[in-house]
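These notes concern the structure reproduced below.
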Amino acid sequence: MTAMTLRPHRRRWVYLPMTLLAVFFLFPIVFMLAASFKGDHQIFADMDSFRAFLPVGDVSFANYAAVFDRVPFWRFLGNTIFVTFMVTALGLIVNSLCGYALARMRWKGRGLVFGFIIATLILPFDTTIVPMVYLVANLPWIGFEGIRPVLEIGWLNTYHVQIIPFVVNAFSIFLFAQYFKSLPKGLEEAAAMDGAGWLRTYWRIIVPLSKPVFATVTILTVVTSPATWNAYLWPLMTVQSEELRPVMVGVQYFFQLDTSWGEVMAYISMITIPMVAVFIAFQRAFIQSIASAGMKD
């Protein structure tokens with residue numbers, strides 16, 4: 001029984017704790033936004049009262065202006081947007097095709113492959129990052145000197161080291177496969193009768209019916225992938241050039257000399273707003289996908 005099926009007087013008792021919990025989790029964000037307009041002295045002076053969550057006192061936009069003096073913000077933001085877009089877009093294509101092959105096609109060894117993919121989920125990224133760095137440092141790549149292609153060794157300090165290792169994602173494949181399994185099995189039969197192959201069936205029938213899971217994977221990829229918006233450890237270890245670094249690595253710039261907490265809060269606020277916008281844009285499809293995850297055929 002959901003909150004929507006309860007009587008109005010009972011529904012209030014369901015929504016009340018949910019609202020209080022939501023407000024509780026909003027406190028850090030509210031504090032961050034309020035502190036971004038204050039100097040350090042004002043932030044510490046307000047810490048023992050509710051004023052810490054309000055933009056009151058000695059407030060200004062000086063912290064936001066100082067961010068651009070401390071770091072090349074637009075460069076970091078552009079790098080993050082580019083890497084996030086490429087990882088997400090390529091991941092949607094590759095992982096959805098893998099999920100389709102595992103869920104809708106019949107071939108020998110399918111169960112074994114699917115089980116191996118699921119087994120990789122138990123490995124934390126932190127345990128594999130060192131061998132991954134060693135691997136990408138010795139992989140070949142075709143570069144260019146002018147218009148002449150040359151063979152180079154090592155992916156470090158490039159864009160593709162931030163993109164290619166994270167395109168394939170086991171959890172995304174699992175989500176696609178589980179969602180595709182819930183679709184009627186007669187879809188392929190009807191498409192086959194019309195002469196459509198598996199690729200055309202996937203593109204013309206499966207994809208339009210799977211918008212919720214695509215939205216869910218988009219949000220999860222943007223938020224949780226080690227190479228997208230919240231990427232810190234991987235680019236810190238593989239990218240030394242300031243021209244290629246993402247926004248999260250820029251946080252350490254504020255702790256190198258004199259730490260200004262107001263500037264830190266302003267910087268974090270600026271890189272948080274796009275994430276909130278992405279979630280708002282896809283939240284309806286995200287909720288729909290989560291709600292349909294437990295439904296039977």
| If you round to the nearest 0.5 Å, how far is CG of Asn95 from OG1 of Thr221? | 7.0 Å

| query | Linking I/L/V/M/F/W/Y whenever any side-chain heavy atoms sit under 4.5 Å apart, do Val30 and Val23 land together? | reply | yes

| field | Heavy-atom closest pair, residues Ala34 and Ala52 | value | CB-O, 3.7 Å

| query | So which heavy atom on Pro226 is nearest to which on Ala231, and how close? | reply | O-CB, 3.1 Å

Listing, residues 122-143 side-chain donor-acceptor contacts under 3.5 Å, not counting sequence neighbours, or none:
from   : atom 1 : to     : atom 2 : distance (Å)
Thr127 : OG1    : Pro124 : O      : 2.7
Thr128 : OG1    : Phe125 : O      : 3.1
Asn138 : ND2    : Tyr134 : O      : 2.7

| query | What do you reckon, are the aromatic ring centroids of Phe85 and Phe82 less than 6.0 Å apart? | reply | no

| Nearest-0.5 Å distance that lies between atom CE in Met248 and atom CG in Leu236 | 11.0 Å

| Can you list the residues that meet the salt bridge (charged side-chain N to carboxylate O under 4.0 Å, His left out) rule with Arg106, with sequence neighbours excluded? | none

| request: Find the distance between CG (Leu156) and CD (Gln240) and round it off to the nearest 0.5 Å. | output: 6.5 Å

| Taking atom CH2 of Trp234 and atom OG of Ser225, what is their separation to the nearest 0.5 Å? | 11.0 Å

| task | May I ask you to decide if Thr224's main-chain N or O and Asn230's side chain share a donor-acceptor pair within less than 3.5 Å? | result | no

| note | By side chain to side chain contact (heavy atoms under 4.5 Å, CB included), Glu242 pairs with (sequence neighbours left out) Pro72, Phe76, Tyr253

| query | Among the clusters formed by ILVMFWY side chains lying less than 4.5 Å apart, do Leu33 and Phe50 turn up in the same one? | reply | yes

| said: Taking the side chain as everything from C-beta on, heavy atoms only, tell me whether Ile29 gets closer than 4.5 Å to Met32. | reply: yes

| field | side chain to side chain contact (heavy atoms under 4.5 Å, CB included) against His41, all qualifying residues, sequence neighbours excluded | value | Asp58

| query | Within a radius of less than 6.0 Å around CZ of Phe255, do more than 12 heavy atoms belonging to other residues, nucleotides or ligands occur? | reply | yes

| Is the CH2 atom of Trp74 crowded by more than 12 outside heavy atoms at less than 6.0 Å? | no

| message | How close do Arg104 and Ile206 get, counting heavy atoms only, and between which atoms? | response | NE-CD1, 4.5 Å

| Arg245 side chain vs Pro235 backbone, donor-acceptor pair below 3.5 Å | no

| message | For Tyr232, give me all partners under side-chain hydrogen bond (donor to acceptor under 3.5 Å, both in side chains), at least two apart in sequence or on another chain. | response | none

In a table with atom names and distances, give each donor-acceptor pair under 3.5 Å that connects a side chain of residues 161-176 to protein atoms at least two apart or in another chain.
from   : atom 1 : to     : atom 2 : distance (Å)
Gln162 : NE2    : Thr158 : O      : 3.3
Gln162 : NE2    : Leu244 : O      : 3.2
Asn169 : OD1    : Phe171 : N      : 3.0
Asn169 : OD1    : Ser172 : N      : 2.9
Asn169 : OD1    : Ser172 : OG     : 3.3

| query | Residues in side-chain hydrogen bond (donor to acceptor under 3.5 Å, both in side chains) with Tyr100, at least two apart? | reply | none

Listing, residues 59-71 side-chain donor-acceptor contacts under 3.5 Å, not counting sequence neighbours, or none:
from  : atom 1 : to     : atom 2 : distance (Å)
Ser60 : OG     : Ala62  : N      : 3.3
Asn63 : ND2    : Ser36  : O      : 2.9
Asn63 : ND2    : Lys38  : O      : 2.7
Tyr64 : OH     : Ser36  : OG     : 2.7
Arg70 : NH2    : Asp258 : O      : 3.4
Arg70 : NH2    : Glu263 : OE1    : 3.0

| Reported CZ-to-CG distance for the pair Phe24 and Leu20, which is rounded to 0.5 angstrom | 11.0 Å

| task | Kindly give the heavy-atom pair with the smallest separation between Leu209 and Pro212, and that separation in Å. | result | O-CD, 4.4 Å

| said: Under the rule for side chain to side chain contact (heavy atoms under 4.5 Å, CB included), what residues qualify as partners of Pro274, not counting sequence neighbours? | reply: Trp229

| field | Joint cluster assignment, Val207 & Val217, ILVMFWY side-chain distance < 4.5 Å | value | yes

| task | Say whether, by atom type as modelled, one donor and one acceptor occur between the side chain of Thr228 and the main chain of Thr84 under 3.5 angstrom. | result | no

| remark: For Ser241 and Asn157, the nearest pair of non-hydrogen atoms, with its separation, is N-OD1, 2.8 Å

| message | Nearest 0.5 angstrom please: Trp203 CH2 to Ser96 OG, how far? | response | 8.5 Å

| remark: Hits for salt bridge (charged side-chain N to carboxylate O under 4.0 Å, His left out) against Arg204, two or more places apart or cross-chain, chain-then-number order -> none

| query | Arg51: what forms a salt bridge (charged side-chain N to carboxylate O under 4.0 Å, His left out) with it, not counting sequence neighbours? | reply | Asp46

| said: Quick check: is Val56 connected to Met265 through a chain of hydrophobic side chains (ILVMFWY, heavy atoms under 4.5 Å apart)? | reply: yes

| message | Could you check whether any side-chain N or O of Thr120 sits under 3.5 Å from a backbone N or O of Ile117, counting only pairs where one atom can act as donor and the other as acceptor? | response | yes

| said: If the condition is side chain to side chain contact (heavy atoms under 4.5 Å, CB included), which residues does Leu199 pass it with, not counting sequence neighbours? | reply: Leu97, Tyr202

| message | Quick check: is Val223 connected to Ile273 through a chain of hydrophobic side chains (ILVMFWY, heavy atoms under 4.5 Å apart)? | response | no

| query | Do other residues, nucleotides or ligands put more than 12 heavy atoms under 6.0 Å from the CE atom of Met275? | reply | yes

| said: Can you tell me how the ring of Tyr267 sits relative to the ring of Phe254, calling it parallel under 30°, perpendicular over 60° and tilted otherwise? | reply: tilted

| request: Identify the two heavy atoms, one from Met105 and one from Arg110, that lie closest to each other, and give their separation to 0.1 Å. | output: O-NH1, 3.1 Å

